Structures are given as C-alpha cells and as structure tokens.
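The figures here come from the full heavy-atom set of this structure, side chains too, leaving out hydrogens, waters and symmetry mates. Remember, it's a predicted structure, so these values are computed and weren't measured experimentally. One is the number of the first residue; the rest follow in order along the sequence.
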Amino acid sequence: MLHPSYTDLMNIANSEVEQGEQPVVNSRYSIVLATAKRARQIIAGSQPLVDEGPCPKPLSIAIDELSNSAIKIDAEEEESEEA
C-alpha cells in the first residue's frame with residue numbers, strides 16, 4: 001500500500017485551490033504521472049528536495065516530495081499530458 005494514500009496526495013496537491021476553482025488533480029492518474037516525471041528527473045541527476053529517508057528509490061523520494069509540498073503539480077501541464 002502506498003503511504004500516503006492517493007486521496008491524501010490529491011488533497012495536498014489541491015490544497016491551494018480556492019473554493020469554486022478547478023482542482024489541479026482530478027484523478028490518481030495525475031498523481032502517478034507527476035511522481036513518475038519527478039522520479040525520472042531525480043534519476044537524471046536532479047537533487048532531491050527532501051531527505052531520502054529509509055528508502056532511497058527515486059519514486060519514493062518523489063512521493064515524499066509531493067506529500068511534503070516540496071513540489072507542486074502544474075495544472076496547465078497536467079491538461080497537456082492528458083490530451
């Protein structure tokens with residue numbers, strides 16, 4: 001099981017959205033795309049924005065970055081990837 005859950009990650013990604021605005025993340029798929037993209041950046045040499053902790057795998061680091069609000073999902077970028 002993924003910790004934090006997809007629901008928690010979606011709530012974190014949408015936490016800065018004002019009432020009545022379109023949420024940044026609408027599905028689990030958006031979370032998967034965003035964390036996979038960040039994991040590829042880490043593999044390519046980008047420095048992690050959080051401590052690696054007990055699991056130094058790039059995907060785990062990307063999930064930790066999202067859950068700690070160290071990275072943000074760009075709504076415009078999500079729309080272009082889903083099209």
Can you tell me which residue among L66, I63, L59, L49 is in a side-chain contact (heavy atoms from CB on, under 4.5 Å) with R38?
L49

State, to 0.1 Å, how close A62 and I71 come at their nearest heavy-atom pair, and which atoms those are.
O-CD1, 4.0 Å

M10 and side-chain contact (heavy atoms from CB on, under 4.5 Å): which partner among V24, I73, I31?
I31

Exercise: identify the closest heavy-atom pair between P58 and I42:
O-CD1, 3.9 Å

Could you tell me which non-hydrogen atom of A13 sits nearest to which non-hydrogen atom of V25, and how far apart they are?
CB-CG2, 3.5 Å

To the nearest 0.5 Å, tell me how far S27 OG sits from L33 CG.
8.0 Å

Hey, could you give me the CD/CD distance between Q47 and Q41, rounded to the nearest 0.5 Å?
12.5 Å

State the OG-CG distance between S30 and N14, to the nearest 0.5 angstrom.
9.0 Å

Residue set satisfying salt bridge (charged side-chain N to carboxylate O under 4.0 Å, His left out) with E16, at least two apart, ordered chain then number -> K72

L9, V50, T35, D8 screened by side-chain contact (heavy atoms from CB on, under 4.5 Å) with S67, the one that passes:
L9

Kindly compute the distance separating NZ (K57) from CG (D64), expressed to the nearest 0.5 Å.
13.0 Å

